[in-house]
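First up is the structure itself, then whatever we jot down about it.
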Amino acid sequence: MAHTCVPGCTLDELFARHPPAYREIYDRLVEGLGPVHEDAVTVGVFLKSARKFAEIRPKARSLEVAISLARPVTHPLLARSLAGSGGMVWHVFKLTDPGQVDERLREWLAESCDA
């Protein structure tokens with residue numbers, strides 16, 4: 001099957017098409033996060049360190065934040081969990097307001113980055 005990469009863009013270009021709260025949510029999530037590569041494409045941002053550890057995708061009604069962890073977690077904003085490779089679990093959160101970015105989400109993102 002043929003594979004076509006989605007064209008890259010900047011963070012500003014990506015978030016310009018979405019509610020301003022989405023960019024603020026993103027900025028709060030990644031603030032102080034260790035050295036990461038932010039791969040911005042037209043569908044979202046893929047956060048990578050040694051591997052891809054998170055995906056942030058603007059949707060019509062929310063900013064979808066997927067974090068890969070080696071264990072299951074629970075959270076009021078958890079929309080679903082999906083089994084990943086190597087025993088990893090992808091946790092998908094739907095955020096609509098910057099105030100929803102709490103310490104648990106930031107800690108899990110940092111944990112995933114360091115794994």
CZ of R71: more than 12 outside heavy atoms within 6.0 angstrom?
yes
Could you grab the distance from atom CZ of F15 to atom OG1 of T10, nearest 0.5 Å is fine?
10.5 Å
Single-linkage hydrophobic cluster, 4.5 Å side-chain cutoff, W90 and L95 together:
no
Scanning both residues in full, the closest heavy-atom pair of P98 with R28 reads O-NH1, 3.1 Å
Let me confirm one number: the CG-CG distance from D97 to L63, rounded to the nearest 0.5 Å.
11.5 Å
Result block: side-chain N/O donor-acceptor pairs under 3.5 angstrom for residues 46-53, not counting sequence neighbours:
unit_1 : atom_1 : unit_2 : atom_2 : d
K48    : NZ     : D39    : OD2    : 3.1
S49    : OG     : C113   : O      : 2.9
R51    : NH2    : S112   : O      : 3.1
K52    : NZ     : E55    : OE2    : 2.5

Keeping the roles fixed (side chain from H75, backbone from R104), state whether a donor-acceptor pair exists under 3.5 Å.
no
Is there a path of hydrophobic side-chain contacts, each under 4.5 Å between heavy atoms of I/L/V/M/F/W/Y residues, joining I25 to L77?
yes
Do the side chains of L14 and R23 get nearer than 4.5 Å, heavy atoms only?
no
For a 4.5 angstrom cut-off between non-hydrogen side-chain atoms, does Y26 reach H18?
no
Any chance you could measure E107, atom CD, to D102, atom CG, to the nearest 0.5 Å?
8.5 Å
Check: Q100 side chain, T96 main-chain N or O, donor-acceptor pair, under 3.5 Å
yes
Nearest-0.5 Å distance that lies between atom CH2 in W108 and atom CG in L69
8.0 Å
Determine, using the 4.5 Å side-chain heavy-atom cutoff (strictly less than), whether L78 and V65 are members of one ILVMFWY cluster.
yes
Any link between L11 and L29 through a network of hydrophobic side chains (Ile, Leu, Val, Met, Phe, Trp, Tyr) touching at under 4.5 Å?
yes
Give the minimum heavy-atom separation between K94 and S62, together with the two atoms involved.
CB-OG, 3.6 Å
I'd like to know if the side chain of Y22 reaches the main chain of R17, judged simply by a donor and an acceptor atom lying under 3.5 Å from each other, with no hydrogens or angles considered.
no
Can you name the nearest heavy-atom pair linking A54 to L109, along with the distance?
CB-CD1, 3.6 Å
Which atoms form the tightest heavy-atom contact between G44 and P58, and what is the distance?
CA-CD, 3.9 Å
Do V36 and V30 have side-chain heavy atoms sitting under 4.5 Å apart?
no
What residues form a salt bridge (Lys or Arg N to Asp or Glu O under 4.0 Å) with R106, not counting sequence neighbours?
E103
Is V73 reachable from L105 through a run of hydrophobic residues whose side-chain heavy atoms are each under 4.5 Å from the next?
yes
